[in-house]
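Some notes on the structure that comes next.
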Amino acid sequence: MKKTTLPLGMHDKLFKRARAMYTIERDISDLLMSQGFNRIETPTLEHFEVFSDEVSTTHYNLFDKQGELLSLRPDITSQIGRVIASTRVQTPITFSYSGKVFNYNEEMRGLSNEHTQAGVEIIGFPAQEALLKAIKTAKAALDVAGLKNYQFEFSHARILQVVFAELDLSTSDSDLLSNLIRDKNITGLNEFTKCHPSEFDDLLKELPFLFGESQTVLNRARQLVQNEAILAALDSLEILVLSLTQHLPQTTVDLAQLSTMPYYTGVMFKVFGDKVPDAFVSGGRYDKLFERFGAQKLTAVGWAIDIDSVYQAIREDLAFGGVGHD
């Protein structure tokens, strides 16, 4: 008998949901192209090395007929790095894209392993200019999708990168600290600093509380560190937030935000709302990605919007006719 069940983490999208998600993806794509972004489409399958130096258990991997290990793409930004390095595309340049990405989640969490994304990459432009353009276009994309009541949250990859580099931890201790930070584990972080004392003790113990209104968090963080690299990162965040006041009157900062992608090198941002727990948008600066592919270092900023999450947030407001499955 033929199987009628789907693989774990995969879902059919029927009628209202399929139509709505198509409309969201189309409207965002049209908006980005109208703003001068060059449309690009990359293959769903790539050599696994495009995405990681080691085989990842969170990626969907398979062998082709020649025995080459391939991956279903877990993100599209890495593919843009490969395109820049392997073609004669001239920079500076901007790209826009949309498509499916695949990440394997733990079975018991009940999460979807296939998502539809749309996004942009801004490559070779001055960093501040690229960041402002990225954030403004992300806001425009959320607005054209019909999303309301969302908020931008900022962080800086360099802050925790400096901490981890200076601590020089074993792999197990590094994983432990990452989990403690991610879980905002107050007791665990206090115990960790006792076992691994450093100049960052005050910062690490306070990390679970370094979240909220941007200026308040930045001022508090400056009182906890003397490291010049971290202070420079805090200054960079403040300059960006102040420059966005006209476009984003209210912003938050979360200094315990771990990099969602290993290639982030500077300011990171996410967008959250009150109807779904996941971020609608994730983005940031990633200057070193292209060096992985043998290309020169380039200033780059990008973001990806999760269309599945946007749909979940706006579905009650949709007014499509016909069969109403969602």
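If you're wondering where the values come from, they're calculated on a predicted model, not measured in any experiment.
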Indicate yes or no: at least one non-hydrogen side-chain atom of [X] is less than 4.5 angstrom from one of [Y].
X    : Y    : value
F154 : I135 : yes
D306 : V310 : no
F51  : S56  : no
L169 : F192 : yes
I24  : Y311 : yes
M268 : H156 : no
M21  : T116 : yes
I80  : F95  : yes

Could you grab the distance from atom [atom1] of [X] to atom [atom2] of [Y], nearest 0.5 Å is fine?
X    : Y    : atom1 : atom2 : result
L248 : L240 : CG    : CG    : 9.0 Å
Y60  : E114 : OH    : CD    : 8.5 Å
D308 : F280 : CG    : CZ    : 12.0 Å
K275 : I314 : NZ    : CD1   : 9.5 Å
F63  : E68  : CZ    : CD    : 9.5 Å
Q257 : T252 : CD    : OG1   : 9.0 Å

hydrophobic_cluster_shared for [Y] and [X], side chain cutoff 4.5 Å:
X    : Y    : answer
L242 : L132 : no
F272 : L255 : no
M33  : V89  : no
V144 : L147 : yes
L62  : L6   : yes

Between [Y] and [X], is there a side-chain donor-acceptor contact under 3.5 Å, judged purely by atom types and distance?
X    : Y    : value
N103 : T58  : no
D75  : Y263 : yes
Y286 : E121 : yes

Q | Verdict with supporting geometry, Y150 and K139, side chain to side chain contact (heavy atoms under 4.5 Å, CB included) | A | CA-CA 9 Å; Y150 57 83; K139 182 180 186 303; 3.2 Å; yes
Quick check against the 3.5 Å criterion: does [X] have a side-chain atom that pairs as donor or acceptor with the backbone of [Y]?
X    : Y    : result
W303 : A134 : yes
D287 : K297 : no
N105 : G9   : no
Q90  : R88  : yes
D173 : L176 : no
H59  : N61  : no
D183 : N185 : no
S34  : L31  : yes

[X] with [Y]: basic N within carboxylate O range, under 4.0 Å:
X    : Y    : result
E191 : K194 : yes
D317 : R315 : no
K148 : D143 : no

Q. Could you walk me through whether F269 and E153 pass the side chain to side chain contact (heavy atoms under 4.5 Å, CB included) check?
A. CA-CA 5 Å; F269 58 92; E153 176 186 282; over 6 Å; no
Q: Walk me through it: do Q151 and V271 pass the test side chain to side chain contact (heavy atoms under 4.5 Å, CB included)?
A: CA-CA 5 Å; Q151 190 162 49; V271 182; over 6 Å; no
Search all heavy atoms of [X] against all heavy atoms of [Y] and return the closest pair with its distance.
X    : Y    : value
V162 : F200 : CG1-CZ, 4.1 Å
V301 : A130 : CG2-CB, 3.7 Å
I28  : A118 : CG2-CB, 4.0 Å
A157 : T265 : CB-C, 4.0 Å
S178 : L258 : O-CD1, 3.3 Å
A140 : Q35  : CB-NE2, 4.2 Å

Quick one: side chains of residues 224-237, donor-acceptor pairs under 3.5 Å with protein atoms, not counting sequence neighbours, listed by atom name and distance.
| unit_1 | atom_1 | unit_2 | atom_2 | d |
| --- | --- | --- | --- | --- |
| N227 | OD1 | A229 | N | 3.0 |
| N227 | OD1 | I230 | N | 3.1 |
| D235 | OD1 | R222 | NE | 3.4 |
| D235 | OD1 | R222 | NH2 | 3.0 |

Acceptor/donor pairs from residues 39-50 side chains to any protein atom, 3.5 angstrom cut, sequence neighbours excluded:
| unit_1 | atom_1 | unit_2 | atom_2 | d |
| --- | --- | --- | --- | --- |
| R39 | NH1 | S29 | OG | 3.1 |
| R39 | NH1 | S98 | OG | 3.3 |
| R39 | NH2 | S98 | OG | 2.8 |
| T42 | OG1 | R73 | NH1 | 3.2 |
| T42 | OG1 | Q79 | OE1 | 2.7 |
| E46 | OE1 | R82 | NE | 3.4 |
| E46 | OE2 | Q79 | NE2 | 3.0 |
| E46 | OE2 | R82 | NE | 3.3 |
| E46 | OE2 | R82 | NH2 | 2.4 |

Q.
Go through it in stages, so that I can follow the logic: the residues are I307 and Q117, the test is side chain to side chain contact (heavy atoms under 4.5 Å, CB included), and I'd like the CA-CA distance, side-chain angles, deciding distance and then a yes or no.
A. CA-CA 6 Å; I307 293 174; Q117 285 186 351; over 6 Å; no
Using a 3.5 Å cut-off and no angle test, enumerate the donor-acceptor pairs between side-chain atoms of residues 202-214 and protein atoms at least two apart in sequence or in another chain.
| unit_1 | atom_1 | unit_2 | atom_2 | d |
| --- | --- | --- | --- | --- |
| E213 | OE1 | Q215 | N | 3.3 |
| E213 | OE1 | T216 | N | 2.8 |
| E213 | OE1 | T216 | OG1 | 2.7 |
| E213 | OE2 | Q215 | N | 3.3 |
| S214 | OG | T251 | O | 3.0 |
| S214 | OG | T251 | OG1 | 2.7 |

Q. Under 6.0 Å from the CD atom of Q223, do we count more than 12 heavy atoms belonging to anything else shown?
A.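 Enclosed: over 12 neighbouring heavy atoms sit under 6.0 Å from CD of Q223.
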Q.
Heavy-atom count check: over 12 atoms from other residues, nucleotides or ligands less than 6.0 Å from K288 NZ?
A.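 Count not over threshold, so no.
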Q: Could you check K270 against D254 for salt bridge (Lys or Arg N to Asp or Glu O under 4.0 Å), going step by step and ending with a plain yes or no?
A: CA-CA 10 Å; K270 293 185 177 183; D254 183 2; over 6 Å; no
